[in-house]
Amino acid sequence: MKSRRVKSFEYDMVRLGMLSTIWWQGVKLYKNPITSAKVTRLMIQRFTKLMGKKKLVRGFKVDGKYHWDMFNPAWPSPGFNAFFRAHLLEERQTKVEQATLRRLIIAITKRCPLQCEHCSEAATLYKQDVLTLDEMIVKIDPIVERGVGQLVFSGGEPIARLNDLLALLNRYKSKCDQWIYTSGFGLTLDVAKKLKAAGLHGAAISLDHYSEEKHNAFRGSKRSFQWVIDAIKNLQQVGILVSINACPTRELVESGGVEELIKVAKDNNVPIVNLLEPRAVGNYEGKDIEYDQFHKDALMDLVNKYNFDKSLFEYPTVLFPAGYRGKVPCGGGLSYIFMDYDGQFYPCPFCKTKMSKVESQENLCVAS
């Protein structure tokens with residue numbers, strides 16, 4: 001399946017098409033084209049301010065659809081429409097409707113072949129799964145019907161529960177943009193084809209070091225690095241957008257190793273690198289591992305370097321969501337939530353404040 005970077009005239013035309021789609025979703029929502037135009041403009045202004053009034057130098061076209069990152073669904077698609085309808089509701093809630101979720105992250109299994117140094121779910125992995133497929137569907141269906149735009153399946157390792165994963169992808173393929181967070185384990189070409197046919201749009205593969213030896217040590221497996229490389233090729237072959245999820249240690253940031261990791265992504269034609277900050281939970285609980293301002297600034301320098309310099313067009317787009325935390329509040333519990341393997345809802349995978357059940361017609365979540 002053909003995949004390529006997008007720039008220049010095509011880039012601008014696609015952006016115009018996306019904004020037109022968002023405006024039309026607003027027209028249907030507010031029943032007023034002028035109101036929709038105002039709210040869409042406000043959304044654009046906030047994003048432009050967040051980007052420092054700079055324009056991203058690249059987009060991506062994969063299997064006939066356009067992407068900018070891994071957090072916004074492909075355009076055009078039903079998932080894009082639902083996602084930005086929810087975004088418009090966040091910008092201007094009406095009296096008859098309340099804001100809905102944009103993204104639901106679902107841990108579908110406790111199974112995992114790895115023993116990662118930074119695992120946030122270390123205390124619960126390797127135990128027997130509690131929820132059956134039907135029980136997961138009962139939890140997920142109301143949220144999808146409410147209008148969530150993106151589903152992200154994680155674990156554990158979601159490929160370890162492949163048949164149920166395929167069933168879930170098939171069930172929601174016509175309504176949501178769908179991703180997996182994976183280590184690359186078990187992602188053969190045959191599995192990639194099945195995932196594509198079932199409705200998978202994107203896969204974020206974990207790669208935490210540019211060195212094969214050090215990545216494998218971090219992940220607790222001598223095969224982990226090769227799983228990543230093989231999975232990238234197999235997913236790309238069938239037309240699934242691939243990004244890299246990396247959780248760099250402070251030492252890797254200080255040594256300049258994150259740029260080496262970005263080069264690994266470039267060499268493997270991966271268009272997006274998403275940098276996660278280490279959190280003192282799971283295996284890292286009680287440890288001095290979190291970034292100080294130096295590390296955050298260093299990673300934001302990479303974001304600005306690779307995202308806005310036209311001479312680096314052939315490199316990946318680099319994301320570091322935590323770097324914008326001072327300008328944009330965390331969306332956990334508001335624009336997205338996390339459902340764990342037992343069907344319990346939390347604001348995000350790292351925040352263990354339990355939330356009450358998700359209701360289909362009223363407020364989505366309330367802290368319990």
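Keep in mind that this is a model prediction, so the values were computed, not measured. Along the sequence shown, residues carry numbers from 1.
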Could you tell me whether the side chain of D309 and the main chain of S311 form a donor-acceptor pair under 3.5 Å? yes

Are L88 and F47 linked, directly or through intermediate hydrophobic residues, by side-chain heavy-atom contacts shorter than 4.5 Å (ILVMFWY only)? yes

Is there a salt bridge (Lys or Arg N to Asp or Glu O under 4.0 Å) between E213 and K222 once you walk through the steps? CA-CA 8 Å; E213 179 182 359; K222 294 181 179 179; over 6 Å; no

Using distance alone, with no hydrogens and no angle criterion, decide if Y172 and D141 have a side-chain donor and acceptor under 3.5 Å apart. yes

Strictly distance-based, threshold 3.5 Å: is any side-chain N or O of S36 a donor or acceptor partner for the main-chain N or O of N32? no

Can you find a pair of side-chain heavy atoms, one from V6 and one from F60, that are under 4.5 Å apart? no

State, without any angle test, whether T182 and E157 hold a side-chain donor-acceptor pair at a distance under 3.5 Å. yes

Using 30° and 60° as the class limits, which term best fits the ring planes of F83 and H87: parallel, tilted or perpendicular? perpendicular

Shortest non-hydrogen contact between R279 and I289, atoms and distance: C-CD1, 3.5 Å

For the residue pair G149 and P73, what are the closest heavy atoms and their distance? O-CG, 4.2 Å

Under 3.5 Å, is there a donor on one side chain and an acceptor on the other for T188 and D190? no

Minimal heavy-atom distance between R219 and D208, with the atoms involved, is NH2-OD2, 2.6 Å

Can you confirm whether the side chains of D297 and Q293 place a donor and an acceptor under 3.5 Å from each other? yes

Kindly work out whether a path of hydrophobic side-chain contacts (I/L/V/M/F/W/Y, heavy atoms less than 4.5 Å apart) joins F225 to L114. no

With no hydrogens and no angle check, do the side chains of D301 and N304 hold a donor and an acceptor under 3.5 Å apart? no

Does R5 reach the main-chain N or O of F313 with its side chain, forming a donor-acceptor pair under 3.5 Å? yes

Quick one: does I105's side chain get under 4.5 Å of P349's, heavy atoms only? yes

Lys/Arg-Asp/Glu bridge criterion (N-O < 4.0 Å) met for D342, K110: yes

Cut-off 3.5 Å, side chains only: do Y341 and E121 have a donor facing an acceptor? yes

Is E135 atom CD crowded by more than 12 heavy atoms from other residues, nucleotides or ligands, each under 6.0 Å away? yes

Just by modelled atom types, is the N269 backbone N or O under 3.5 Å from a matching donor or acceptor in the Q236 side chain? yes

Are the charged groups of E145 and K175 less than 4.0 angstrom apart, N to O? yes

In terms of relative ring orientation, are H118 and F218 parallel, tilted or perpendicular, with 30° and 60° separating the classes? tilted

Distance-only side-chain donor-acceptor flag, N216 / S221, under 3.5 Å: no

Treat each ILVMFWY residue as a node, draw an edge where side-chain heavy atoms are under 4.5 Å apart, and state whether L56 and Y324 are in one component. yes

M70 and L319, any side-chain heavy atoms less than 4.5 Å apart: yes

L207 side chain reached by V264 side chain, heavy atoms, under 4.5 Å: yes

Count I, L, V, M, F, W, Y as connected when their side-chain heavy atoms are under 4.5 Å apart, and connections chain through other members. Are L165 and V138 then in the same cluster? no

I would like to know whether L89 and L29 meet side-chain contact (heavy atoms from CB on, under 4.5 Å); could you show each step before the answer? CA-CA 8 Å; L89 277 168; L29 178 63; 3.9 Å; yes

Evaluate the salt bridge (Lys or Arg N to Asp or Glu O under 4.0 Å) criterion for residues D288 and R250: first the C-alpha distance (whole Å), next the side-chain angles of each, then the deciding distance (0.1 Å), finally the verdict. CA-CA 10 Å; D288 181 22; R250 293 190 303 203; 3.2 Å; yes

Flag side-chain contact, heavy atom, 4.5 Å: K305 against E259: yes

With ring-ring contact (aromatic ring centres under 6.0 Å, His included) as the test, would you mind laying out the steps for Y11 and W68 before giving the verdict? CA-CA 10 Å; Y11 183 105; W68 259 250; 5.2 Å; yes

Heavy-atom count around E251 CD within 6.0 Å, excluding the residue itself: above 12? yes

Decide yes or no for N268 and I244: does some side-chain heavy atom of the first lie under 4.5 Å from some side-chain heavy atom of the second? no

Regarding T21 and W75, is there a side-chain donor-to-acceptor distance under 3.5 Å anywhere? yes

Under the 3.5 angstrom rule, does the side chain of N307 hit a backbone N or O of V318 as a donor-acceptor pair? yes

Is it true that a side-chain atom of D69 and a backbone atom of N72 form a donor plus acceptor pair closer than 3.5 Å? yes

So how far is it from H295 NE2 to E277 CD, rounded to the nearest 0.5 Å? 12.0 Å

Check the side chains of E290 and Y284 for a donor-acceptor pair under 3.5 angstrom, ignoring hydrogens and angles. no

Does the K266 side chain pair with the main chain of E314, one donor and one acceptor, at a distance under 3.5 Å? no

Do V144 and C176 have side chains that approach each other closer than 4.5 Å (heavy atoms only, starting at C-beta)? yes

What are the two closest heavy atoms between K173 and G199, and how far apart are they? CB-CA, 4.0 Å

Nearest 0.5 Å please: distance from the CD1 atom of I262 over to the CG atom of L312. 10.0 Å

For E10 against K61, the heavy-atom pair lying closest together: OE2-CD, 4.3 Å

Quick one, S206 with N245, criterion side-chain hydrogen bond (donor to acceptor under 3.5 Å, both in side chains). Give me CA distance, side-chain angles, the key distance, then yes/no. CA-CA 5 Å; S206 297; N245 265 347; 5.1 Å; no

Would you check if the side chain of Q150 reaches a backbone N or O of Y336 as a donor-acceptor pair within less than 3.5 Å? no

What's the shortest heavy-atom distance between A167 and L133, and which atoms? CB-CD2, 3.7 Å

Within the supplied structure, the quantity of interest is the number of heavy atoms (other residues, nucleotides, ligands) at a distance under 6.0 Å from K54 NZ; does it exceed 12? yes

The test is salt bridge (Lys or Arg N to Asp or Glu O under 4.0 Å); show your working for R103 and D177 and say whether it passes. CA-CA 9 Å; R103 179 183 302 109; D177 185 70; over 6 Å; no

Side-chain heavy atoms of V273 within contact of P316, under 4.5 Å: yes

Nearest 0.5 Å, please: how far is CG in L334 from CD in E90? 7.5 Å

As an exercise, state the distance from CG of L162 to CD1 of I108, rounded to the nearest 0.5 Å. 8.5 Å

Atom CZ in R41, atom CZ in R46: separation rounded to 0.5 Å? 13.5 Å

Any donor-acceptor N/O pair, R161 side chain to T109 backbone, under 3.5 Å: no

Should W227 and L187 be counted in the same cluster of Ile, Leu, Val, Met, Phe, Trp and Tyr side chains packed under 4.5 Å apart? no

If you draw a 6.0 Å radius around NZ in K7, do more than 12 non-hydrogen atoms from other residues or ligands fall strictly inside? no

